[in-house]
Amino acid sequence: MPAAKPPVETLTEAQASEELAWLAKEIGEHDRRYFEEDQPAISDADYDALRRRNLAIEQRFPQLVREDSPSRRVGAPVSERFEKVRHKVPMLSLDNAFSDEDVVDFVARIRRYLKLDPDAPVVMTAEPKIDGLSLSLRYEQGRLVSAATRGDGQEGENVTANARAVADIPNVLSGNPPSVLEVRGEVYMTHADFLALNKRQEAEGKQTYVNPRNTAAGSLRQLDSSITAARPLKFFAYAWGEVSEMPSDTQSGMVAAFERYGFHVNPLTVRCSSAEELLRQYHTIEEARAALGYDIDGVVYKVDDLALQQRLGFVSRSPRWAIAHKFPAEKATTILRGIDIQVGRTGALTPVARLKPVTVGGVVVTNATLHNAEEIERLGVMIGDTVTVQRAGDVIPQILGVIAEKRPADAQEFVFPTVCPCELRTPVVREGIGTGGEGVVRRCSGEFACPFQRVEHLRHFVSRRAFDIDGLGDKQIEFFFNDPDLPVRSPGDIFTLAQRDGENIKKLKDKEGWGSVSAANLFAAIENRREIGLERMIYALGIRHVGEQTAKTLARAYGSWKDFHDAAVAVADADAQAREEMDALDDIGDAVIDSIAQYFGEAHNRDLVENLAGQVEVMDAERPAGDSPVAGMTIVFTGSLERLSRDEAKAMAERLGAKVAGSVSKKTDLVVAGPGAGSKLKKAAELGVEVIDEDAWFERVGA
Ligand code: IVH
């Protein structure tokens, strides 16, 4: 797959942060279209490329992982149409592999994590990844009692009546199943059934579906289950949720048990014991793909031994013990009609390709990302060119390349603007990449003078994960920003709106798009947010590199607005001790600290913050709860551990409510040291921090 974006290894932290913000938004929108509307805008392969890129950037810059990162959530919020059901065991997703190398890495990662001997085999299963809709079926005493879609992974839709209408789903199980059994798998539709159904729909003047996957989803999410019953849905069982007595201790054994209970399981599932064998099965399945009669979009590999699955656990949305090896993306060609420039919150200028609408894998695509000027140059693309577009999943597609022979005589070169498209026409600057060269991100140098940036800042400030003010969306922010009577130019202005409008909502109610009810509702919503949690407050400031996760870390560490603010100002004033303390926090490094220093170093921002803090009451952060003996502690692992890999140790400590830090400081509560521990041990001794060995660690946590 040709890379249409700069390689992750070459990204600067600033570029990475910028792109992660963009990816979060983009993927979110496509998730919404996919899950809520069942009308994806782009192909699965492009979607996966975005998720994969997101993950790759996050792996390189773990400190930049955003609270709203797609890797932290699965799918989109659930549809309102069905009753919601909370999954007892979350329905998570899978990470993706796109190349043989990714698969080799995956197996190597597992071996490393488990600290396996080089010659110890790891048995894995390989099975088709069905392109349908996942469903969780709960059986009690062998009878189907409820069925739920995945939804956002935590909460799905109750589609029990519809599941009962699916012929492939047994209502009563055979073969002596456990008393409580949640079977999970994929609802799908065959190509033949899809075509026949669409033909019928068309003949009856009804909505036709884009692809079998959407049809399966649309059919299962019918409010009238007689419609579901009339649709030929099928189901493969491949996973489980709550199970009272496990019928097997392997993945393959579980699936074999499902078959005994009366489910269909995929016949192309095999057990393998090396990456080479997995790849062989990938090719076997790829060759069988065209003749299967139903859509698959890759091959899923899973560790067979359930005890190992348990040890491997999960990273955010996906298990460490499984991966989906995806088939290559879908492509199409179309014409590049123009390039628009968008200005983001931090002033980054992003070129967006406007395309002649084209269908890629059944979905209409009208724009594509071009990332930056280098990308335009690399592609050598001109306006009017015929370009190859690739789409994966449900996100903005990518341009892969130009078909040079098709270039029209009047094709126009795109000249990247040297001034911001905002009214100030401020010069655009390129960000240095720290190696003497210039970075690829072009930024409007106007900062708080650039109206685009100011509006984006305000939008961020009121966004759902920040102040979350109902009725104050993108449109309204722009309205107030430009309104001469009730201007909002800075966050604090939001909280003086009602007062500025006077006692009886004098001005706003007469403005276009507003009435006395909507104005009163808005003022009430603003009033509601006058009390705000510390982490939201920090996140809302929109400091570069300070996403939700970082804001949370800062909030927990400093506890109160005053302490955070004092520390931030001290850091801005180059106070070495304040910097060191901040640096000791988990996942907080130079990029974040520099950003905070820069932010609080600006008089404009200090005024903004002071003004805002005068309007709101910031609540202290909650201390993490937990009753494990290490809950709330900050722990440092050092030296080599015998029984655990470093990653497993970290995951274990975090599961128990502890924080794991990379270096020893005054804030460290406990150091777990193995052989070969050096400077950290010395530092612990200097600071009088308790030090224990690996055995004592297991004893302490009772594992
Ligand atoms: S295993 C904990 N196996 O792919 C993960 N998933 O991207 C359990 N899917 O949500 C999932 N075929 O909807 C698994 N053979 C298979 C699958 C499969 C399709 C879907 C499923 C899941 C998504 C993950």
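Every number for a ligand or one of its atoms is a count from 1 in the order of the listing. Throughout, numbering of the chain's residues begins at 1 and tracks the sequence. We use all heavy atoms of the structure for the numbers below, so side chains are in, but hydrogens, waters and symmetry mates are not. Just so it is clear, the model here is predicted, and its values are computed rather than measured.
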Verify the distance criterion only: is there a donor paired with an acceptor across the side chains of [X] and [Y] at less than 3.5 Å?
| X | Y | value |
| --- | --- | --- |
| Asp647 | Ser645 | no |
| Thr190 | Asp193 | yes |
| Glu127 | Tyr238 | no |
| His325 | Asn96 | no |
| Asp305 | Thr250 | no |

| Ile130 N/O under 3.5 Å from ligand 1 N/O | yes
| message | If I apply the N/O under 3.5 Å rule, does Trp321 come out as touching ligand 1? | response | no
| field | Verdict with supporting geometry, Phe98 and Phe327, ring pair (Phe, Tyr, Trp, His ring centres under 6.0 Å) | value | CA-CA 7 Å; Phe98 294 89; Phe327 294 135; over 10 Å; no
| note | The answer for which part of Leu94 has a heavy atom under 4.0 Å from ligand 1 is both
| Counting heavy atoms only, which part of Arg150 comes closer than 4.0 Å to ligand 1: side chain, backbone, both or neither? | side chain
| Output field: ring centroids Tyr139/Phe263 closer than 6.0 Å | yes
| task | Give the single entry among Lys129, Lys302, Gln309 that approaches atom 3 (N) of ligand 1 most closely by any heavy atom. | result | Lys302
| For Glu127, atoms of ligand 1 separated by under 4.0 Å from a heavy atom | 3 (N), 15 (N), 16 (C)
| request: List every atom of ligand 1 that sits less than 4.0 Å from any heavy atom of Pro319, numbering the atoms from 1 in the order shown and giving each element. | output: 2 (C)
| remark: of all protein heavy atoms, closest to atom 14 (C) of ligand 1 is Tyr238 CE1, 3.2 Å
| request: Considering only non-hydrogen protein atoms, determine which one is nearest to atom 13 (O) of ligand 1 and report residue, atom name and distance to 0.1 Å. | output: Glu186 OE1, 2.8 Å
| ligand 1 contact by Ser93, heavy-atom criterion under 4.0 angstrom | yes
| query | Does Pro128 come within less than 4.0 angstrom of ligand 1, counting non-hydrogen atoms of the residue? | reply | yes
| Asp297 and salt bridge (Lys or Arg N to Asp or Glu O under 4.0 Å): which partner among Arg289, Lys129, Arg213? | Lys129
